[in-house]
Amino acid sequence: MTQGIVTIKSGKKVIMKIIAGCDGYNARKIANKLKEKWPMNIDDVYKMALSLGFGDTDCLVIVTDKEIKYEREPGTEIHPRFRETFQQPKFNPRCESGTADFIVIVNV
């Protein structure tokens, strides 16, 4: 398991975090695609991440200031840390320590 985060920022504000609990080594691949295609909605980013092998349906979570996209199982709860640490671009909310193997920040 290699965790990865791609954070999209505008100035100092985090707009979106794409968080994968596996296949994090593909973070640069999705970051480059996001730079090309931005702006994108949460559903399209989710599909793109899966198509580029960044996470899978069990571990991919996308967070914006208004939405959280996670399609594991209906009713599966997302830890409050995903919302609480949203404005911390390098923080991995999947674990208490906040670390990830791969972190890429995209400024738009």
Side-chain angles (χ1 to χ4, degrees):
M1 296 277 251
T2 54
Q3 304 219 14
I5 301 171
V6 176
T7 299
I8 300 172
K9 288 178 63 182
S10 177
K12 293 184 179 189
K13 185 178 179 188
V14 172
I15 297 172
M16 183 181 287
K17 284 172 87 171
I18 302 101
I19 304 144
C22 62
D23 306 320
Y25 48 81
N26 286 322
R28 176 66 55 197
K29 196 187 295 187
I30 187 169
N32 290 340
K33 244 339 171 195
L34 285 164
K35 283 183 208 174
E36 282 176 31
K37 303 228 179 230
W38 193 260
M40 294 178 68
N41 68 46
I42 196 169
D43 294 321
D44 290 341
V45 172
Y46 186 87
K47 288 176 199 160
M48 182 196 315
L50 292 177
S51 74
L52 294 173
F54 186 69
D56 60 28
T57 54
D58 284 337
C59 72
L60 180 62
V61 181
I62 301 180
V63 184
T64 69
D65 61 343
K66 294 180 175 72
E67 299 176 85
I68 294 179
K69 175 109 176 149
Y70 180 53
E71 293 190 350
R72 185 174 184 180
E73 295 170 12
T76 302
E77 291 293 316
I78 294 288
H79 196 283
R81 192 168 39 239
F82 280 78
R83 183 62 59 214
E84 293 163 0
T85 62
F86 179 66
Q87 285 300 323
Q88 297 174 41
K90 295 181 179 181
F91 192 93
N92 179 8
R94 296 184 62 83
C95 59
E96 278 186 50
S97 67
T99 60
D101 303 294
F102 299 88
I103 300 171
V104 180
I105 297 176
V106 177
N107 291 295
V108 294

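Values reported hereafter were calculated over all heavy atoms of this structure, with side chains retained and with hydrogens, waters and symmetry mates removed.
Considering CZ of F54 and OH of Y25, their distance stands at 11.0 Å, rounded to 0.5 Å. Atom NZ of residue K29 and atom CG of residue D23 lie 9.5 Å apart, to the nearest 0.5 angstrom. To the nearest 0.5 Å, atoms CD1 (I18) and CD1 (I5) are separated by 10.0 Å. In this structure, L60 CG and D56 CG are separated by 8.0 Å, a value rounded to the nearest 0.5 Å.
At least one donor-acceptor pair under 3.5 Å links the side chain of R94 to the backbone N or O of C59. Checking side-chain atoms of K47 against main-chain N and O of I42 turns up no donor-acceptor pair under 3.5 Å.
Taking the charged nitrogens against the carboxylate oxygens, E67 and K69 have no contact shorter than 4.0 Å, which rules out a salt bridge.
Shown here for I78 and I68, the closest heavy-atom pair between the two residues is CG1-CG2, 4.1 Å. In this structure, T64 and R83 approach most closely via the heavy-atom pair O-NH1, 2.7 Å.
Side-chain polar atoms of Y46 and D44 form no donor-acceptor pair below 3.5 angstrom.
Side-chain atoms of T85 and Q88, non-hydrogen and from C-beta on, do get closer than 4.5 Å to each other.
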For residues 31-38, dump all side-chain donor-acceptor pairs below 3.5 Å to protein atoms at least two apart in sequence or in another chain.
unit_1 : atom_1 : unit_2 : atom_2 : d
N32    : ND2    : R28    : O      : 3.4

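Under the side-chain contact (heavy atoms from CB on, under 4.5 Å) rule, I19 has a single partner from I62, N92, T7, which is N92.
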